[in-house]
Structures are given as C-alpha cells and as structure tokens.
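Below is one structure, written out as structure tokens, with a few remarks after it.
In this chain, numbering begins with 1 at the start of the sequence shown. We use all heavy atoms of the structure for the numbers below, so side chains are in, but hydrogens, waters and symmetry mates are not.
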Amino acid sequence: MSSAAAPGSGASVSGRLCFTLSAFILTITGINGTVQVSTLPVVEAEIGKPINITCVPEISTPSTMKYIQWFVMEKNSRNRIYFQDGESRIVDNETDYTGRINVDEKYTLTIDHVKLGDERTFLCQVGAGPAGSDEAKTELKVYDAPGVPEITPNDATISIMEKGPSKIATCLTRNGYPAPNITWYKDRTPLQPTIKINNKMYMIPQATQEPSGLYTIASTLYYAPEKKDKDSKFYCEVSYRMPPGVDKMKESNRISVPISYPTENVEILFQPSVLKETDNMKLECRSDGSSTVDYTFYRVLDGKTEENFDSADNTFEFKQLQRMDSGVYGCRVLDFDVPDKDFDTNRTIIINYLDPIALKPQGPYIFKAGDKNKTIHCNAEGSQQTTVIWKKHKKTISPENELQLPVVTFDDSGTYTCEVTAQNIPSLYQQKTISIIVKGPPEINCMEKKFHKNGHYVNLTCIFKGNPAPKVACSSGKKALTVRNHQQNNYTVVVSELILPLVTEVLKVTCNGTNKHGSKTHNFTVERGAVAVSTKTPPTGEVAISTKTPTTGKSHDRSSNGMLIIIVVVCIIVLAFLGAVLYFLYKKGKIPCGRSGKQSITRSGAHDDIVVEVKNDQKVPEETVLLQGVNGEKKPPSDQ
C-alpha cells in the first residue's frame with residue numbers, strides 16, 4: 001500500500017505506523033473479524049455546486065481501533081486526500097481538494113464547488129484493528145448545462161428547381177458537458193438525423209472542446225425543399241442531461257426558408273366585385289408561383305382580337321366604366337423558371353347600368369274630380385331586375401310600377417315620386433317626381449257648434465274643396481255676413497268660419513262656394529235650445545265640431561241644478577243630527593224602549609229605533625230615506 005501524503009507531518013507518520021502495526025497484528029494473530037465498506041457506484045454532480053459521497057462501513061466485531069481514509073484514483077495509483085484516526089482528522093496538503101472537502105461523523109465526503117476535473121473515482125477505506133479493513137469506490141460524474149442554441153439561417157432564396165439539398169441553417173450551442181446532442185425540426189416534426197450525404201437531406205455535425213474542457217456543438221442542415229415547405233418553420237433543439245438523472249432540452253428560434261417555386265396556376269380578380277357605370281375597376285392577376293414573372297393584361301374584342309394593356313406589376317385599373325366596357329378580360333403570365341410554358345386565364349365582366357325613368361303617359365297629369373281608372377306607369381331599363389315603388393310625402397303608397405287612381409278625388413292632388421332600384425345593387429338607383437292636379441266644382445262639408453262665453457253663440461264652419469279654390473260667401477236672409485276664410489293645401493281646400501250670437505227665434509244662414517266649374521250651397525237652420533258646456537270660443541279652423549240636436553221639454557240651467565244639490569245636502573245633515581239626538585236621549589233613559597217599557601239595545605228583535613244611513617258608494621236621491629234598526633238590520637217591509 002502506498003500513500004502520497006507529504007512527509008514531515010507527525011500525525012501522518014503516526015497514522016501510517018498505526019495502520020502498519022494493525023495490519024501486521026491481524027496477519028500474525030489470525031484473530032477472526034470482518035469489515036465491509038459500501039458506497040454508491042456512481043454519483044452525479046453539477047459543476048459549481050457541492051456534492052456528497054457517502055461511505056458506510058459494517059464491522060462485525062466491536063473495536064475501539066478505527067480509522068478512515070479517502071483517496072482519489074489517478075490512472076493506476078491512488079492519492080490520499082483525507083485521513084481520520086480516532087479524534088485525529090487530517091486533510092492532506094497540496095492536493096486538488098485541499099480546502100474544498102469535509103468529512104462528517106458518518107464518513108460522508110463533501111466536495112464544495114465541483115469542477116470539471118472532479119470527474120474521477122473516489123475510494124473510501126475503513127480499518128478496525130483486529131477486525132481488518134475494507135474499501136469501496138465511487139465514480140463521480142460531472143455535468144454543465146449548455147447555452148440556448150443559436151440558429152443562423154441561409155439568407156439566399158432556394159429554388160425547388162435545384163437538384164440536391166441546399167443549406168438551410170446552422171445551429172450552435174456552447175459550454176456544455178458532456179457534449180450535448182442537436183436535433184433538427186420542421187413544423188414540430190423531428191428530422192431523421194443522418195450525416196451521410198444524399199439528394200434529399202443530411203446534417204453535418206461539429207464538436208469543439210474549449211480550453212475550459214466544455215463543449216461547443218454545431219450542426220448544419222442541408223435540405224431539398226418542396227413547394228409545400230414555403231410556409232414551414234425550421235428550428236433546432238439541444239438535449240442534455242443534468243443531475244440527478246434528468247434529461248433536459250432547449251430550443252432555438254424558428255425561421256422561415258425563402259423558397260422559390262415556379263407558377264402552376266393563374267387567376268384573374270377584379271374589384272369591386274359588383275360593377276356599375278361610372279365605377280373604377282381594378283384588375284389583379286395572381287399566380288401561385290414565387291419566381292420572377294411578367295404580367296400582361298388584355299381584353300378580347302369581337303371574340304378574336306386582343307387589346308393588350310402593359311402593367312409594371314400584377315394590377316391594372318380602368319377609370320369611369322361604361323356599359324360598353326362589359327366583356328372578356330384576361331391576364332397572361334411569363335415565368336422565367338418555366339420559359340417553355342404559357343399561363344393564361346380570362347373571365348367575363350359585366351358593367352351594370354340603369355336607364356333614366358320613363359313615365360307613361362308622360363304628363364302633364366291634370367284630372368277632373370270623379371274621373372275613373374287613371375293609371376301612371378313607371379319603368380327604367382337596366383342590366384338587372386328592378387324594384388319600383390311610388391311614394392307621396394315620403395310614404396309608400398304603391399309597391400308596384402303602376403300608380404292607380406280608381407276614382408279621382410281632390411285628395412289625390414299632390415307630389416308623387418317614383419323610385420327604381422336594381423335588386424342586387426342598391427346603389428344603382430333612379431327617381432322621378434311628378435305633380436297631379438285635380439280640378440272640379442266645389443265639394444262642401446258643414447258643421448255647427450253652440451257654446452257659451454258671456455252669452456250664447458253658435459260656430460258655423462264649412463269646408464269647401466275645389467280647384468280652382470272656391471270663393472265663399474254667407475248670408476242670413478238678404479243680409480251678407482262677414483266670414484273668416486283661410487285656404488289649406490295651397491290649392492283646393494277653403495275653410496270658412498262664422499260665429500253668430502244665438503237669439504230666441506230660429507236662425508237661418510246660407511253659405512255658398514263657387515269656382516269656374518260650378519257652385520255648392522249649404523243652408524243652416526239653428527234653434528237656441530240647450531247650449532254645450534264649453535265656455536271657450538272654438539279656435540279658428542276647428543273642424544271637429546259637435547252637431548248634437550238639443551232635447552225638448554223642461555230644462556234646468558246651472559244655477560237651478562246647484563240649488564237642488566244644496567237642498568239635498570242640508571236635509572241629510574238635519575236628519576243625521578236628529579238621529580244623533582234621539583240616540584243620546586235613549587241612552588239617558590229619557591225615551592222608553594219598545595211598547596212594554598225599556599228594552600236592551602242589543603235585543604235582536606228591536607225594530608222601533610230609527611237611524612238614517614247614507615251609503616258612500618251610491619248617489620242618494622233627495623226623495624229617498626233608508627230606515628234601519630240601531631243594530632244595522634233593515635226593517636221588514638211591513639214595519640217600514
């Protein structure tokens with residue numbers, strides 16, 4: 001057995017002598033006893049952190065003579081780093097572990113700040129005097145996590161027309177131990193690792209051990225892309241192991257690969273999707289390739305000739321379209337990667353239109369009151385089916401293209417609008433406004449209303465309709481009356497209003513309306529009779545006027561009605577007071593109860609006491625008095 005301990009240490013010499021003497025005595029005497037030492041075969045540690053290596057001895061014979069030694073194996077020799085005999089503890093000087101190790105009472109070795117060079121085999125030896133000695137080894141494995149992988153893409157555009165794989169990107173990770181692994185991914189799918197060069201895909205790995213002993217790993221991906229890879233994402237993953245036996249990974253950023261692929265299909269688009277006259281149209285030619293191409297737009301004339309339009313890019317714009325611009329438009333693509341193939345497409349484009357509105361008959365629209373079956377047709381020709389409506393004062397009066405007047409009246413006069421709209425193109429719209437004039441002799445509608453305001457009056461109102469507007473005059477007998485006239489609707493309606501005092505004799509008034517087409521007369525016969533409750537003079541122009549005829553027979557004015565109500569109320573109060581006095585006298589015994597003397601007021605058969613009851617929920621006539629007993633019972637008909 002050899003030791004690498006430094007000479008000159010008294011404790012070290014004493015330890016060696018004890019060890020040699022114990023071994024010699026054990027050999028010579030042959031005393032029976034055993035010592036067994038166990039440790040973990042492998043221990044994993046992370047660089048820069050502490051690690052514990054256990055040593056567990058089992059001694060069959062109790063002994064006070066014990067010692068322990070820790071060694072580091074170097075090739076075929078061992079180098080002691082720690083010795084303990086009883087109370088004596090020695091950390092050997094000038095070793096890689098001087099000042100970095102410690103051993104506790106259970107013989108466990110602790111190493112602070114593990115280094116890459118600590119990846120060695122450690123040996124624990126325990127001796128117990130006559131029982132003998134034993135030792136066991138532990139292999140220490142050290143680990144260090146690599147940095148996040150860095151991916152460097154190839155900026156050049158890769159054509160799928162090229163033969164063989166092209167460089168996609170390089171992945172690099174630094175300072176890992178042991179050397180980590182790199183895996184390539186495309187859209188989360190791992191690529192099969194292969195370093196053999198072929199015409200589809202391969203990787204070229206590279207590993208460098210830095211002066212620190214850590215590893216830098218690189219991998220370059222070569223791949224032959226297809227058209228479907230134009231939207232794919234590539235990235236790399238570095239995988240490594242960390243204590244205690246945990247597999248970990250880190251991912252790089254994701255990159256897109258610029259891929260060039262030839263044209264296979266072409267389509268032509270236009271905006272807006274629905275076109276009408278005066279619109280601007282933008283044509284766009286789209287190819288599904290990514291290589292450099294030339295675009296040519298054209299229009300087919302007479303089914304054969306083409307009119308070409310040069311464009312700097314894949315779009316072309318037409319200004320202020322007209323209906324004659326409808327036709328076949330197309331685009332042609334020249335792909336330099338496929339020079340021997342022609343890519344061409346076209347489509348028919350319709351320019352929608354709507355002509356101005358045509359009315360039948362054309363007008364003017366002057367009718368006579370009473371005319372029958374008058375119809376005005378409204379239409380507008382266009383490229384789409386249309387919807388026609390008629391409006392008067394913004395209100396729809398006909399959902400069809402015909403405005404029908406079965407019987408013409410003065411109310412049909414006015415302004416009408418015909419609106420025509422293309423069903424599928426709301427912005428394609430036309431409208432036309434007309435005026436309908438209705439002429440004829442006057443029509444008359446008269447009413448009367450009586451009222452009271454500091455006297456008795458009657459309001460006589462007549463509404464005349466006619467065109468031209470009628471001239472209205474009223475008279476009573478041979479006397480002309482002053483009439484307030486005002487015109488409505490600017491053309492046909494004249495409202496005449498006449499307010500006269502009511503006299504006792506019958507009042508007769510005649511009103512007449514006249515225009516060049518004829519005249520109309522109305523005769524009023526007004527009797528004074530009963531006047532309406534209203535005390536306000538009807539406002540000028542009022543039409544809704546009562547024409548109720550007053551009833552004949554005896555009548556009462558307001559003052560006589562009020563006096564009657566007061567008399568009834570006074571009678572009720574007097575009767576109530578008399579009833580209260582009678583009840584008070586009865587309670588004092590001043591009035592005998594019944595025919596045979598005083599009786600109990602609670603007797604159910606008492607009928608002679610009188611009380612006046614006025615019900616609140618009914619109007620009590622002045623000639624009605626209801627008699628009841630004190631206890632609230634009604635008198636039988638025979639007693640009342």
Side-chain angles (χ1 to χ4, degrees), residues 42 44-49 51 113-120 139-261 290:
V42 178
E44 295 179 338
E46 183 176 353
I47 292 177
K49 295 184 179 180
I51 188 64
H113 305 293
V114 172
K115 301 178 180 178
L116 182 61
D118 292 336
E119 189 170 71
R120 298 175 173 181
E139 185 176 359
L140 179 61
K141 297 288 186 180
V142 298
Y143 298 87
D144 200 6
V148 175
E150 305 168 6
I151 189 168
T152 305
N154 178 15
D155 294 332
T157 301
I158 302 172
S159 174
I160 66 172
M161 305 296 289
E162 296 180 8
K163 295 182 179 180
S166 300
K167 181 180 177 181
I168 302 298
T170 297
C171 181
L172 179 71
T173 181
R174 306 175 186 274
N175 299 327
Y177 190 88
N181 295 317
I182 290 179
T183 302
W184 283 96
Y185 285 80
K186 180 173 78 75
D187 296 331
R188 296 188 176 276
T189 301
L191 300 177
Q192 186 64 33
T194 176
I195 60 174
K196 185 178 180 180
I197 297 176
N198 57 75
N199 60 0
K200 181 60 181 174
M201 178 190 67
Y202 58 90
M203 298 90 170
I204 297 180
Q206 183 180 0
T208 303
Q209 190 168 19
E210 305 293 342
S212 61
L214 303 178
Y215 287 95
T216 295
I217 305 297
S219 176
T220 302
L221 172 64
Y222 290 82
Y223 181 77
E226 300 177 4
K227 184 178 178 179
K228 64 181 181 181
D229 296 323
K230 61 185 179 67
D231 298 321
S232 295
K233 300 292 184 180
F234 291 83
Y235 64 97
C236 61
E237 173 192 280
V238 57
S239 55
Y240 55 97
R241 186 181 179 89
M242 293 295 289
V246 178
D247 292 324
K248 295 187 176 183
M249 52 80 68
K250 294 179 180 179
E251 292 181 352
S252 71
N253 295 330
R254 286 159 172 75
I255 63 169
S256 297
V257 178
I259 298 175
S260 173
Y261 44 90
S290 66

Report task. Determine whether Asn181 and Ser239 make a side-chain contact, defined as any pair of heavy atoms from C-beta on separated by less than 4.5 Å. Result -> yes
Query raised in the report: Between atom CD1 of Ile47 and atom CG of Asp144, what is the distance when rounded to the nearest 0.5 Å?
Result: 4.5 Å
Query raised in the report: In terms of heavy-atom contacts, does CG of Asn253 have more than 12 from other residues, nucleotides or ligands at under 6.0 Å?
Result: no
**Report entry** Smallest separation among heavy atoms of Pro180 and Thr173, with atom names
**Finding:** CG-CG2, 4.1 Å
Query - Sidechain-backbone polar pair: Asn154 side chain, Lys167 backbone, donor-acceptor under 3.5 Å - result: yes
**Report entry** Flag side-chain contact, heavy atom, 4.5 Å: Pro165 against Met201
**Finding:** no
Query raised in the report: Of the non-hydrogen atoms in Ser212 and Leu116, which two are nearest, and what is the gap between them?
Result: O-CD2, 3.2 Å
Query raised in the report: Is it true that a side-chain atom of Arg188 and a backbone atom of Tyr185 form a donor plus acceptor pair closer than 3.5 Å?
Result: no
Query raised in the report: What is the minimum heavy-atom distance between Cys236 and Ile151, and which atoms define it?
Result: N-CD1, 4.4 Å
Report task. Compute whether any side-chain donor of one residue and acceptor of the other, for Thr220 and Thr170, lie under 3.5 angstrom apart. Result -> yes
**Report entry** Proximity of Tyr223 and Phe234 rings by center, below 6.0 Å
**Finding:** yes
Report summary line: The reported gap from CE in Met249 to OH in Tyr240 (rounded to nearest 0.5 angstrom) is 9.0 Å
Query - Residue pair Tyr143 / Pro178, side-chain heavy-atom distance below 4.5 Å - result: yes
Query raised in the report: Roughly how far, to the nearest 0.5 Å, is CD of Gln192 from OG1 of Thr183?
Result: 10.0 Å
Query - Listed once per pair and sorted, the ring pair (Phe, Tyr, Trp, His ring centres under 6.0 Å) pairs that draw on residues 191-212, sequence neighbours left out - result: Tyr202-Tyr222
Query - From CD1 (Ile160) to OG (Ser166), nearest 0.5 Å - result: 11.5 Å
Requested in this report: Can you see which heavy atom on Pro243 is nearest to which on Ala45, and at what distance?
Outcome: CG-C, 3.7 Å
**Report entry** Stepwise side-chain contact (heavy atoms from CB on, under 4.5 Å) check, Lys250 with Val238
**Finding:** CA-CA 5 Å; Lys250 294 179 180 179; Val238 57; 3.7 Å; yes
**Report entry** Distance (rounded to the nearest 0.5 Å) between Leu172 CG and Ile217 CD1
**Finding:** 9.0 Å
Query raised in the report: Taking side chain as C-beta onward, heavy atoms only, is Val257 less than 4.5 Å from Ile158?
Result: yes
Requested in this report: For side-chain contact (heavy atoms from CB on, under 4.5 Å), just list the numbers for Arg120 and Asp118, CA-CA rounded to whole Å, side-chain angles, deciding distance to a tenth of an Å, and then say yes or no.
Outcome: CA-CA 5 Å; Arg120 298 175 173 181; Asp118 292 336; 5.8 Å; no
Requested in this report: Could you check if a side-chain atom of Lys186 sits within less than 4.5 angstrom of a side-chain atom of Asp229, using non-hydrogen atoms only?
Outcome: yes
**Report entry** Which atom of Glu251 lies closest to which atom of Val148, heavy atoms considered
**Finding:** O-CG1, 3.8 Å
Query raised in the report: With the threshold set at 4.0 Å, does a side-chain nitrogen-carboxylate oxygen contact exist between Arg241 and Glu44?
Result: yes
Requested in this report: Using only heavy-atom distances, determine whether the side chains of Lys233 and Ser256 contain a donor-acceptor pair under 3.5 Å.
Outcome: yes
Query raised in the report: Taking Ser252 for the side chain and Tyr235 for the main chain, is one N or O donor matched with an acceptor at less than 3.5 Å?
Result: no
Query raised in the report: For the side chain of Ser290 and the backbone of Ile259, is there at least one donor-acceptor N/O pair under 3.5 Å apart?
Result: yes
Requested in this report: Give the C-alpha distance, both sets of side-chain angles, the deciding distance and a yes or no for side chain to side chain donor-acceptor pair (under 3.5 Å) between Tyr177 and Glu119.
Outcome: CA-CA 11 Å; Tyr177 190 88; Glu119 189 170 71; 2.7 Å; yes
Query - Inter-residue atom distance Ile255.CD1 - Ile168.CD1, 0.5 Å rounding - result: 7.5 Å
Report task. Would you check if Lys49 and His113 make a side-chain contact, meaning some heavy-atom pair closer than 4.5 Å? Result -> no
Requested in this report: List the steps and the verdict of side-chain contact (heavy atoms from CB on, under 4.5 Å) for Lys141 and Val42.
Outcome: CA-CA 7 Å; Lys141 297 288 186 180; Val42 178; 3.8 Å; yes
Report task. Please list all pairs passing the salt bridge (Lys or Arg N to Asp or Glu O under 4.0 Å) test where one or both residues lie in residues 195-219, with sequence neighbours left out. Result -> Lys200-Glu226
